[in-house]
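Written out below as C-alpha cells is the structure these notes cover.
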Amino acid sequence: MSAAKPTADAEDVIVIENLNKWYGNFHVLRDINLRVKKGERIVICGPSGSGKSTTIRCINRLEEFQEGSLVVDGVEMIDDVKNIETIRKDVGMVFQHFNLFPHLTILENLTLGPIWVQKKPKAEAEATAMKYLERVKIPDQADKYPGQLSGGQQQRVAIARSLCMNPNIMLFDEPTSALDPEMIKEVLDVMVELAEEGMTMLCVTHEMGFAKKVADRVIFMDAGQIVEENEPNEFFNNPQNERTKLFLSQILNH
Amino acid sequence: MKEFEPVPARPAPDKTVGPLAWMKENLFSSLLNSLVTLAVMALLVYYIPPVLDWAFFSANWQGTSEDACVREGACWVFVNAWSYQFFYGTYPVEEIWRINLMLVLLALVILASFTLPKHIRLKASVIAWLVLPLVGIALLDGRLLGLPVVSTDLWGGFTLNVFMAAASIIVAFPFSFLWALGRRSNMPFIRSVSVIFIEFFRGVPVLSLFFMGSVMLPLFFAEGTNVDKLIRVWIVLIFFMSGYMAEVFRGGFAAVPSGQYEAADSIGLSYWQKIMLIILPQVIKVSLPNILATFVMLFKNTTFLLIIGIPEVVQTLQTALSNSYWLGGHALEGYLFVFLVFWSSCFSMSLLARRIERQMNTDKRD
Ligand SMILES: Nc1ncnc2c1ncn2[C@@H]1O[C@H](COP(=O)(O)OP(=O)(O)OP(=O)(O)O)[C@@H](O)[C@H]1O
Ligand SMILES: [Mg+2]
C-alpha cells in the first residue's frame, strides 16, 4: 500500500491512486488513477480484456490488488475484514448475468441483505423491498422465483436488490450485455432514473446512448490502463487519442 | 399486405408409430437383431415356467414349522416363521411399536423434505433430519423417555440396517459438507487435512474400517469405559460416509456459479452467511440425486456388519439357517427374501432420485 494518503477532498467518494494489479505474472491493471465525486456518473468503456471489470471489482474488493491505494467514502481498502465489510455495505453492484439467488423468491432476494447484514426486522425489510420493486416496475413478481422472470426483469430485480442495501455508490458491470434488444431499454430506463436522482454510479457499458445521456465523464481503458477520460461530448466528438478514435469508430459504425 | 398463416399440424405417418412399428424398429430391425430376439425368447420360454413353478405354484405357503414344507417348491413357511426376527431382530415383542413408530417418523421426514411448501422446506427438513437420530436413540433405547430399556444387543434385523444407515448419513451430512468446504479452502493446511481425510476414507475397504473400529476406537475412549459396539460401528460408518459425501458435495459446489459468491459478497454477507444462506441450499439441491445414490451404497454396505457379529438382517438369516428346527436347507428362500427386501428399498430410492433429477431439469427455470 502506498504511504501517501490522498489529500482529502470532501467531495471525493472514491479515490484510486496508482492502483496496480497482477494475475500471477500478468499485469492486468497498470497505474490506475481515478477520483469520483459524490453524485458523479461515470461510464467506462474499452475493448474486451482491457481491465474494466477488474477495475470496478477492485472497488468493492471482489478482487484484491497488490499496489496502490483505494479509498471509498473515506474508508481505506486494506486487508482488514472490517474495512471490507464497511465498504461493501456502502457499494452496490450489478452484474452482467444478474446473479440472483435462484433458490429464493424475488422478495427474499431483496430482503436477504437488509435482514442478515443490516439486521432490520423482516417487516421493515419487506416494506423497503416492495418500495424498490415498485420503482423498477415489477412489484407483481415479488413471490416468483428468478428463473420465472425474463432477463430484463431479473436485471431490474438485481438493481433493486442492491438499492435495498441503501448504497452510496452503485457499480454496474455490463448490465445490459446479456439481454435481448427489447429488454435493454427497460433496464437502461431504470438506470437513467437512478442517475437523475443523484446516485454515484460507475458503469461499464457499451451503450453509448446511455453514456451520452447521463455520464458526467467517459473513461476509455485499454491494456489495463486509462487511456483517455473526458466529458461525453468531447469524448465522442473530439477524442484525443488514436486508440480511442479507433475504438469509437469500431463500436459506432457497426 | 400478405398475412402469415401457419400450416396446421398433421399426425405422423402410421408406419412410424404404434406397437408394430416399435417392435420392427427395436426387435427385428436386422437379421442379427431378429435372431437375438428369437434366441432370448426361447430361453425365456424354457426357464421361466420352472422358476414360476418353484416360487409359486408348487411352493409351500401354509404352516409354521419345517414339517409343513412337503411340496417340492419353495418353503416360504421358513421366511414367514422368521419374518419377525428378519425385521426386528430380538427386540422384545411388546416394545415393537417403538421401532414401528420410528419407521413412520423416518418416512414422514422423508416425505416432508420433498412435499413441504418451498419457502419452509429446507429449514424445516434440516431441523427434522438433525433431530431424528436423537429421537431415534431415545425411543429405541427407552432410557431417556422412561420406557423399559432395550439393550442394543437386542436390536437387529432389517430395521437395524435401515437405522444404522440413516443415522450415519444424517450425522455424516454436516461433516462431509465441512470436509468439502475444507477441500476448497485457500488455506493449505485445512485443504491438505481435508484431502487426506477424504481420500483415506474413500480408499479403504469398509470391512477393514469395521475391524479397525472395533480395535482402534476403544483406544480413543477413556480407559475402563465400555463403549457400545453399535456406537463404535456408527462412528466408523459416519467417517466412511463423510468421505464419500464430501466428494458428492464437491461436485455440488462446482455446479454453483462463481457469480453466486460474488453477489453474496457484494451485498455484504459474511463468509458463513454466504455459505449457509446462499451456497449450501444450492449445493444440496444439485447433489440430492447423488446423495441418494451414496445412501443406497451405504445401506447395502450395512450387511457387512455381520462380519463383526452385529445381528443385522443377513446375520439373522444365518442364525435362522443354522437353527436346529429348520435344517431343511432354506438358504435359497432366505437369501431371495433378503435380496427382494433390499432390492425393493434400493430400487424405490433410485426411482425417487430419478424423479428429483427430472423435476430439477424441468424447473431449471425456478
Ligand atoms: N481470474 C483471472 N485470472 C487470470 N486472468 C484473469 C482473471 N480474470 C481476468 N483475467 C484477465 O484479465 C484481463 C482483464 O479482464 P477483465 O475482465 O477486467 O476485462 P474486461 O475489460 O472487463 O473485458 P470484457 O469486456 O470482456 O468483460 C483479461 O485479459 C482477462 O483474461
Ligand atoms: Mg468485463
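Throughout, protein chains are lettered first and strands after them, A, B, ... in sequence-line order, and every chain is numbered starting at 1.
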### Query
When only heavy atoms count and the cut-off is under 4.5 Å, which of residues 46-58 of chain A reach chain B?
A:Arg57
### Query
Has B:Lys123 got more than 12 heavy atoms of other residues, nucleotides or ligands less than 6.0 Å from its NZ?
no
### Message
Report which part of A:Leu100 has an atom under 4.5 Å of a heavy atom belonging to chain B: side chain, backbone, both, or neither.
### Response
backbone
## Note on the structure
Correct closest heavy-atom pair for B:Ala263 and A:Arg161 would be CB-NH2, 3.5 Å
### Task
Counting only heavy atoms closer than 4.5 Å, note whether A:Phe101 contacts chain B via side chain, backbone, both or neither.
both
### Query
Taking everything shown except B:Phe239 itself, do over 12 heavy atoms lie less than 6.0 Å from its CZ?
no
## Note on the structure
Honestly, the part of A:Val91 sitting under 4.5 Å from a heavy atom of chain B is backbone
### Contacting moiety of B:Gln260, where chain A heavy atoms sit under 4.5 Å
both
### Task
Please state whether the side chain, the backbone, both or neither of A:Glu108 comes within less than 4.5 Å of a heavy atom of chain B.
side chain
### Message
Can you tell me if B:Arg184 has over 12 outside heavy atoms packed within less than 6.0 Å of its CZ?
### Response
yes
#### Entry: Over all atoms of both residues, closest heavy-atom pair of B:Glu262 and A:Asn99
OE1-ND2, 4.4 Å
### Interatomic spacing from OG in B:Ser270 to CD1 in A:Ile84 - rounded to 0.5 Å
13.0 Å
#### Entry: A:Asn60 side-chain N/O to B:Ser266 backbone N/O, donor-acceptor pair under 3.5 Å
no
### Message
If you compare all heavy atoms of B:Gln273 against all heavy atoms of A:Val117, which two are closest, and at what distance to 0.1 Å?
### Response
OE1-CG2, 4.3 Å
### Task
Can you establish whether the number of heavy atoms outside A:Tyr23 located under 6.0 Å from its atom OH is more than 12?
yes
### Summary
In short, A:Arg88 meets B:Gly268 closest at the heavy-atom pair CB-CA, 4.2 Å
### Message
Tell me whether the count of non-hydrogen atoms from other residues, nucleotides or ligands lying under 6.0 Å of CZ in B:Phe347 goes above 12.
### Response
no
### Query
Hey, is CZ on B:Arg191 packed in by over 12 heavy atoms from elsewhere, all under 6.0 Å?
yes
### Task
Hey, could you give me the CG/CD1 distance between A:Leu112 and B:Ile267, rounded to the nearest 0.5 Å?
5.0 Å
### Summary
Distance col, row B:Asp265:CG vs A:Arg61:CZ, nearest 0.5 angstrom, shows 11.0 Å
### Residues, nucleotides or ligands: over 12 heavy atoms within 6.0 Å of B:Phe175 CZ
no
